[in-house]
Amino acid sequence: MSKYRVQGGNRLEGTVRIGGAKNACLAILPAVLLSDEPCRISNIPNISDALVSLDILEALGARIRRIDKSTVDIDPTSVSTHEVPHDLARQMRASYYFLGALLGRFGEARVALPGGCNFGVRPIDQHLKGFTALGATVPAVVTNGMIDASADCLIGNSIYFDVVSVGATINVLLAAVKARGITIIENAAKEPHVVDVANFLNSMGADVRGAGTDVIKICGVQHLHGAEYSIIPDQIEAGTYMACAVATGGDLWIENVIPKHLESISAKLIEMGAEITEADDAVRVRMNGPIHACNIKTMPHPGFPTDMQPQAAVLLALGDGTSIITENIWDNRFRYIDELRRMGVQATVDGKIAVFQGVPYLSGAPVRALDLRAGAAMMVAALAARGQTEIEDIHFIERGYENFVEKLHAIGADICRIDIPDAVARHA
Ligand code: EPU
């Protein structure tokens, strides 16, 4: 029941360092299970979802040694069970990667249906279709909330995905790297974290080619060896700070990024009037003057990422005219707009389309983080608003933003985290 209290209106200035990519990390940690030797993974973000993944590995029997705050050694050789504890799997969406990884390691996996952020139906039929194509048996109907997948022997095959799915692409990749023969994934997702997972697998001796394009070819190998691997920087964490700079008329250097991964975000912020300078592993975002209205359509990579949609919406809500956002990935990702209305946002939503009528300023208010990126949007709005905002349900935000309060404070935000003891919260 903790919350963030933000006194809005400060111009953010200075340098912020981005952590490792959540959505790469949440696949790379389970991928370690496929190795016959220990691995050292660095640039792990300090977020609750990463901690849950490490807890799952430990519960499966892996030995974990923390080297420093973002590096761990993981020895998967002692893992002997293929069942992920229900209570851990339910805590996050990405627990589904343990299905592919355990199936690849043992030919058997038992994982509870994943939890995670709620923004519409989140099926995993394409994951299961991929496992089936590799020869696994998967449940026609889920019973007791568990998914069981098993195979005597996984055999490479061609798989065409009906939708572009990050999760299904990575999950099939995990199951296929040690399958017998060749697997071809068509209509694969091209996100940077798909490429990062493939690079990690290759660093352990896998033979994965074409990641980053829509056709991925995997030649199965028998063994994977240990590796040292550093996770790529988080595209969406970086994008969120870029949005914070624009919202507050600020000037931020955002370090430890891959500017190429930020191009679709930068392009829209430039349209809104921001000045963006790229360096090798940093971008500078400066904002002077009004935010220009524009239209955004979310698309799979290299399009504008859906995970930046709510944060971008706050900017357009402050734009100098009418803007339209079309959400093409998720069915129900505009729920947060009701929360933003409390702060003065004027918008109408019709299905996958939201129309924003720009207002000159937002006013602080008590709001809730309805999911991770919705929570990030509340933060962008709170930083820009006049007056004080309190954001509740911040456990969603802390699933994906490391040291958010500390990082924002260091660049000039007036922000604190208020911890309410559970007993007090229950009686509030
Ligand atoms: N879909 C299906 N069937 C499937 C899988 C997906 O129909 O079997 C549909 C979904 O309903 C959705 C679309 O395909 O309409 C894309 O879903 P995808 O599988 O790509 O999403 P995901 O893998 O579950 C990951 C990220 C999300 C991000 C999406 C889209 C992780 C752990 N999560 O989810 O990130 O929004 O890709 O880029 O990698 C976040 O970080 O806040 C977050 C929600």
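All ligand and atom numbering here is 1-based and tracks the order in the structure. The residues of the chain are indexed from 1 along the displayed sequence. Values below: all heavy atoms of this structure, side chains included; hydrogens, waters and symmetry mates excluded.
I159 contributes atom CD1, which lies 12.5 Å from atom CG of N187 (distance to the nearest 0.5 angstrom). Summarising the geometry, atom OG belonging to S165 is positioned 4.0 Å from atom NE2 belonging to H127; distances are rounded to the nearest 0.5 Å.
Atoms of ligand 1 found under 4.0 Å from any heavy atom of L372 (numbered from 1 in listed order, with element): 42 (O). Under a 4.0 Å criterion applied to the non-hydrogen atoms of Q126, ligand 1 contributes the atoms 3 (N), 4 (C), 8 (O). Under a 4.0 Å criterion applied to the non-hydrogen atoms of H127, ligand 1 contributes the atoms 8 (O). The ligand atoms of ligand 1 that sit less than 4.0 angstrom from a heavy atom of I329 are 12 (C), 15 (O), 16 (C). Annotation for ligand 1: atoms under 4.0 Å from non-hydrogen atoms of G167 are 19 (O), 23 (O). Close contacts of ligand 1 with P123, meaning ligand atoms under 4.0 Å from a residue heavy atom, involve 2 (C), 3 (N), 4 (C), 5 (C), 6 (C), 7 (O), 8 (O), 11 (O). With ligand atoms numbered from 1 in the order given, ligand 1 contributes 36 (O), 42 (O), 44 (C) to contacts under 4.0 Å with heavy atoms of R333. Shown in contact with K22 at under 4.0 Å from a heavy atom are these atoms of ligand 1, numbered in order with element: 40 (C), 41 (O).
Aromatic ring pairs are classed by plane angle as parallel below 30°, tilted from 30° to 60° and perpendicular above 60°; the pair Y401 and F404 is parallel.
For the residue pair N46 and N403, a side-chain donor N or O sits within less than 3.5 Å of a side-chain acceptor on the partner. Judged purely by distance below 3.5 Å, without hydrogens or angles, the side chains of T240 and Q311 pair a donor atom with an acceptor atom. Between the side chains of Y160 and Q126, no donor N or O sits under 3.5 Å from an acceptor N or O.
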When you look at S48 and E398, which way does the side-chain hydrogen bond (donor to acceptor under 3.5 Å, both in side chains) test go after all the steps? CA-CA 6 Å; S48 59; E398 293 179 350; over 6 Å; no

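In the candidate list F396, Y96, Y97, Y96 is nearest to atom 22 (P) of ligand 1, counting heavy atoms.
Using a 4.5 Å heavy-atom threshold, the side chains of R5 and I415 count as separate.
Residues passing the salt bridge (Lys or Arg N to Asp or Glu O under 4.0 Å) test with E191: none are found, sequence neighbours excluded.
The closest approach between a heavy atom of L128 and any atom of ligand 1 is not below 4.0 Å.
Distances between N or O atoms of V163 and those of ligand 1 include no value under 3.5 Å. Taking only nitrogen or oxygen atoms, main chain and side chain alike, D307 reaches within less than 3.5 Å of ligand 1.
Contacts with ligand 1 closer than 4.0 Å are made by no heavy atom of F161, backbone or side chain. Under 4.0 angstrom from ligand 1, the non-hydrogen atoms of R93 all belong to its side chain. By the criterion of a heavy-atom distance under 4.0 Å, both the backbone and the side chain of D125 are placed next to ligand 1.
Checking R93, R399, Q91 one by one against D49, the side chain to side chain donor-acceptor pair (under 3.5 Å) holds for a single residue, R399.
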